[in-house]
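Notes follow once the structure below has been shown.
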Amino acid sequence: MKLKNTSPGPRGVYVGGSLVMVSPGDTVDDVDAREAGDVAEWFAPVGDDNGGQQSASDDLSTLSDDELRDLIEQRTGKRPHHRTGRAKLIEALA
């Protein structure tokens with residue numbers, strides 16, 4: 001499984017029994033699915049099981065604006081203004 005670090009800082013994930021540090025916005029391959037569940041707060045899956053790629057905006061399009069604000073607040077510690085448009089919210093998470 002391929003994961004992208006969506007947190008504002010570097011995070012570690014175990015790949016093949018070894019800890020790998022991943023910088024914000026970078027991806028890591030071959031993460032065990034069980035490990036991916038443990039780090040879901042900081043990492044997002046990239047692509048799908050068929051090898052196709054999904055963009056971050058595709059994944060986020062199913063969330064409401066309030067859910068997007070909640071996700072931004074989780075990642076940054078700051079909640080976007082209630083008048084911030086959907087495009088800006090998705091951009092902040094991409």
Side-chain angles (χ1 to χ4, degrees):
M1 172 176 260
K2 186 173 184 177
L3 296 177
K4 178 179 180 179
N5 180 354
T6 56
S7 71
R11 299 291 178 182
V13 64
Y14 283 93
V15 178
S18 298
L19 181 64
V20 175
M21 294 304 292
V22 185
S23 297
D26 287 350
T27 60
V28 62
D29 290 321
D30 302 325
V31 177
D32 182 273
R34 288 173 292 165
E35 173 71 7
D38 293 340
V39 296
E41 180 179 348
W42 302 299
F43 289 87
V46 176
D48 59 26
D49 292 337
N50 297 324
Q53 295 294 315
Q54 295 173 308
S55 71
S57 61
D58 289 342
D59 297 336
L60 300 173
S61 66
T62 60
L63 300 177
S64 71
D65 289 358
D66 283 335
E67 290 171 323
L68 292 171
R69 285 184 188 89
D70 290 344
L71 191 55
I72 292 169
E73 186 175 16
Q74 279 180 348
R75 293 181 184 174
T76 66
K78 298 178 184 177
R79 186 165 184 86
H81 191 274
H82 71 276
R83 287 189 164 177
T84 303
R86 184 171 188 79
K88 291 282 187 184
L89 295 172
I90 290 174
E91 182 181 314
L93 290 166

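All residue numbers refer to positions in the sequence shown, counting from 1.
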Kindly compute the distance separating [atom1] ([X]) from [atom2] ([Y]), expressed to the nearest 0.5 Å.
| X | Y | atom1 | atom2 | value |
| --- | --- | --- | --- | --- |
| Lys2 | Asp29 | NZ | CG | 5.0 Å |
| Lys78 | Ile72 | NZ | CD1 | 12.5 Å |
| Phe43 | Thr6 | CZ | OG1 | 8.0 Å |
| Asp65 | Lys88 | CG | NZ | 14.5 Å |
| Asp70 | Ser64 | CG | OG | 7.5 Å |

Using the side-chain contact (heavy atoms from CB on, under 4.5 Å) definition, which of the options Val20, Val15, Leu3 pairs with Asp30?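 Answer to the side-chain contact (heavy atoms from CB on, under 4.5 Å) test with Asp30 among Val20, Val15, Leu3: Val15.
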What residue among Glu67, Glu73, Gln74 forms side-chain contact (heavy atoms from CB on, under 4.5 Å) with Leu71?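 Exactly one candidate clears the test, Gln74.
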Applying side chain to side chain contact (heavy atoms under 4.5 Å, CB included), run through Asp26 and Asn5 and close with a yes or a no. CA-CA 6 Å; Asp26 287 350; Asn5 180 354; 5.6 Å; no
Thr27 versus Lys4: any side-chain heavy-atom pair under 4.5 Å? yes
Could you report the tightest heavy-atom contact between Pro24 and Pro8, atom names first, then the distance?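 Distance-wise, the nearest heavy atoms are CG-O, 3.5 Å.
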Considering all heavy atoms of both residues, which atom of Arg69 and which atom of His82 are nearest to each other, and what is their separation? NH2-O, 2.8 Å
Worked verdict on Val13 versus Met21 for side chain to side chain contact (heavy atoms under 4.5 Å, CB included): CA-CA 7 Å; Val13 64; Met21 294 304 292; over 6 Å; no
